[in-house]
Amino acid sequence: MYPDKEPKKPIMPQSPPPGSKWIFYIFIVCSLIGIVLISRNSPSEQTSWQVVKSTMLLHHDVERLNVINRETVEVYIKKDSLKKPQYKNTPANAPQYTFQIGSVDAFEKDLDQAQANFTEPEKIPVTYATTQNWFSNILLWVLPLLVIFFIFRRTGAGLAGAGNSVFDFGKSKVREYGMEKSPVTFKDVAGYEEAKTEVMEIVDFLKHPENFTKLGAKIPKGVLLVGPPGSGKTLMAKAVAGEAAVPFFSLSGSEFIEIFVGVGASRVRDLFEKAKQKAPSIIFIDEIDTIGRIRGRALSAQANDERDSTLNQLLTEMDGFDANTGVIVMAATNRADILDPALLRAGRFDRHIYLELPNKTERVAIFNVHLKPLKLDSSVSSEFLASQTPGFSGADIANVCNEAALIAARNKKIAVDKQDFYDAIDRTIAGLEKKSMIISPSEKKIIAYHEAGHTIVSWELKNVDPLVKVSIIPRGKSLGSAWYLPEEHQVITLSQFSDQICAALGGRVAEEIVFGQPSSGALDDLEKVTKQAYMMVANLGLNKEIGSTSYYDSTGQYDATFQKPYSEATAQLIDTEVRKLVQQSYDRTKEVLMNNRAALDTLAQLLLDKEVVEKEELEKILGKRSF
Ligand code: ADP
């Protein structure tokens with residue numbers, strides 16, 4: 001059972017009480033005054049060795065000299081001599097004068113010379129003493145330390161936010177939201193109905209633990225959210241906290257690790273400590289793969305040690321607290337396969353919730369959430385937008401909606417219309433248009449033929465996604481682009497793979513046919529083709545010679561040790577088969593383009609004239625696509 005709780009107050013950052021700063025300032029001022037007073041407490045008059053030698057010593061007025069700490073000499077004047085007029089204003093208390101010397105040896109030599117004509121009884125006795133001024137010594141040590149401490153506190157607080165300083169590096173930089181500060185609920189998470197049902201159970205655990213504990217059931221401690229970046233993992237965790245109305249402690253995996261060894265473990269301890277104090281609560285660790293990788297894998301021993309100890313501490317903490325304390329640890333990753341098995345075993349992160357990229361229906365729902373705050377033109381519908389954005393994550397959709405609104409605002413429109421969304425989608429897929437990039441006419445011609453080549457091959461082959469438009473306006477890193485509307489496939493067949501490789505090679509083959517030589521513009525295409533070919537041959541069992549064998553290693557063990565799970569002979573066979581596959585695809589692509597040679601010229605010319613060619617115009621040149 002949870003302890004009875006007071007009504008929750010917003011959690012405020014802790015700052016030192018305002019009075020403490022003043023106490024510190026007063027202390028420094030008093031200390032400085034103290035030092036000045038102490039240094040001035042000697043009543044004797046400052047003079048120099050030259051003066052003493054040429055006057056007092058010469059007239060036999062000096063009774064004795066006392067050398068203190070080998071640097072200051074006190075001059076004691078004879079009582080009789082004090083009556084002389086030149087000593088009228090000297091202090092009555094001995095020593096009457098002091099002066100500084102550079103070195104005792106030089107002083108002694110000089111003194112001997114000055115007394116060379118003195119008789120033995122006339123010679124002045126010299127004594128030596130060492131004195132300590134403890135108070136000023138201590139102050140001189142302590143004060144700088146205090147000042148440094150205070151400066152560190154201030155800069156630390158300034159850099160890391162309230163309550164954090166350089167002396168707090170063992171503390172976690174946890175972001176803490178009170179329940180008032182996590183207003184996200186399941187209403188804000190569109191789609192993902194199955195995932196929501198599962199996390200709903202966690203909300204029930206947090207809200208009504210007695211329903212479970214009275215039956216003897218243990219509340220799960222760890223929930224792992226797995227999904228590609230931007231698929232709404234953080235949003236889902238926040239929604240759980242918001243629904244359950246409990247504090248939410250959020251930290252990213254990389255924030256545990258600092259340059260100091262041992263900090264990670266200490267931060268884990270601190271995080272759990274804070275969460276337990278506020279139980280029931282949720283700890284959310286984003287990108288847990290940063291610290292949760294399988295141990296003993298990384299190549300750098302130092303980094304490995306620190307990460308291992310952080311992970312060990314996390315495991316210890318998760319084992320350490322009682323299942324019914326009311327702290328639930330949620331973690332997010334997009335690489336569940338590389339996590340240490342110890343992290344995933346029962347009693348730790350044993351619940352896995354998968355958040356895939358949204359399908360079309362889910363995209364409609366996500367668009368509805370993000371379109372709500374926008375002022376829309378009647379031409380915009382979430383159905384249509386969802387159909388234009390296959391493969392987009394929730395974050396991409398949120399970004400498109402915001403981008404469209406920004407574009408509309410830039411063009412001073414009164415509402416966001418369809419064209420703004422088109423532009424925003426294009427921008428999200430391929431980056432910003434770089435219309436000002438200087439491209440020579442001959443280069444432009446190469447780019448036009450390259451894109452026309454992609455377009456014609458994609459148009460003619462059955463298993464390539466339908467084309468929407470083609471453009472030779474440079475965007476992001478690419479100089480031109482063909483836009484497809486990907487269909488959602490769960491399984492890809494051999495013929496689909498082959499056609500896609502041909503479509504990717506279309507640009508390079510067109511260049512070779514038209515200009516008789518290839519250019520450097522096909523780097524991305526060739527990289528994609530090569531990776532795809534290796535995937536097919538070595539991993540997917542899609543090559544006759546290699547057979548139905550897969551050398552895929554989901555645990556990443558071979559990658560880390562630079563080993564291969566096959567012999568040298570197999571490696572050579574894989575290389576040969578990959579080359580054969582690419583060459584066959586190349587020949588097939590060439591055949592398609594040679595059969596459409598005239599269309600290639602027409603399309604390239606149209607691209608040079610208009611820069612962007614839409615599907616309707618493509619149909620005029622190439623005829624309607626039959627599949
Ligand atoms: P992740 O943690 O998986 O990388 P986030 O949770 O940070 O992704 O998601 C980023 C943003 O994407 C969210 O703030 C939200 O605006 C949007 N988003 C993602 N998924 C959804 C969804 N299912 N419904 C509504 N918005 C979503």
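First listed ligand is number 1; within each ligand, the first listed atom is number 1. Computation of the quantities below employed the complete heavy-atom set of this structure, encompassing side-chain atoms and omitting hydrogens, waters and symmetry-equivalent molecules. In what follows, residues are counted from 1 in the order of the sequence shown. Just so it is clear, the structure is predicted and the values come from calculations on it, not from any experiment.
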Any side-chain hydrogen bond (donor to acceptor under 3.5 Å, both in side chains) pairs touching residues 372-386, not counting sequence neighbours? Asn368-Ser382, Asp377-Ser379
Parallel, tilted or perpendicular, as decided by the 30° and 60° cut-offs, for the rings of Phe248 and Phe284: parallel
Tell me whether Tyr192 contacts the main-chain N or O of Ser231 through its side chain, where contact means a donor paired with an acceptor under 3.5 Å. yes
Can you list every ring pair (Phe, Tyr, Trp, His ring centres under 6.0 Å) pair that touches residues 374-408, not counting sequence neighbours?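 Only Phe384-Tyr422 qualify under ring pair (Phe, Tyr, Trp, His ring centres under 6.0 Å).
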Check salt bridge (Lys or Arg N to Asp or Glu O under 4.0 Å) between Arg345 and all other residues, then give those that pass, not counting sequence neighbours.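 In terms of salt bridge (Lys or Arg N to Asp or Glu O under 4.0 Å), with neighbours along the sequence ignored, Arg345 is linked to Asp319.
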Can you produce the list of protein nitrogen or oxygen atoms under 3.5 Å from a nitrogen or oxygen of ligand 1, alongside each distance?
from: ligand 1; atom 1: 2 (O); to: Thr234; atom 2: N; distance (Å): 3.0
from: ligand 1; atom 1: 2 (O); to: Thr234; atom 2: OG1; distance (Å): 2.5
from: ligand 1; atom 1: 3 (O); to: Ser231; atom 2: N; distance (Å): 3.2
from: ligand 1; atom 1: 3 (O); to: Gly232; atom 2: N; distance (Å): 3.1
from: ligand 1; atom 1: 3 (O); to: Lys233; atom 2: N; distance (Å): 2.9
from: ligand 1; atom 1: 3 (O); to: Lys233; atom 2: NZ; distance (Å): 2.8
from: ligand 1; atom 1: 4 (O); to: Gly230; atom 2: N; distance (Å): 2.8
from: ligand 1; atom 1: 6 (O); to: Lys233; atom 2: N; distance (Å): 3.4
from: ligand 1; atom 1: 6 (O); to: Thr234; atom 2: N; distance (Å): 3.1
from: ligand 1; atom 1: 6 (O); to: Leu235; atom 2: N; distance (Å): 2.9
from: ligand 1; atom 1: 8 (O); to: Gly232; atom 2: N; distance (Å): 3.3
from: ligand 1; atom 1: 12 (O); to: Ala395; atom 2: N; distance (Å): 3.3
from: ligand 1; atom 1: 23 (N); to: Ala190; atom 2: O; distance (Å): 2.9
from: ligand 1; atom 1: 24 (N); to: Ala190; atom 2: N; distance (Å): 2.9
from: ligand 1; atom 1: 26 (N); to: His370; atom 2: NE2; distance (Å): 2.8

Decide, yes or no, whether a salt bridge links Asp270 with Lys274 under the criterion of side-chain N to carboxylate O below 4.0 Å.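 Between Lys274 and Asp270 there is a salt bridge, with a charged N closer than 4.0 Å to a carboxylate O.
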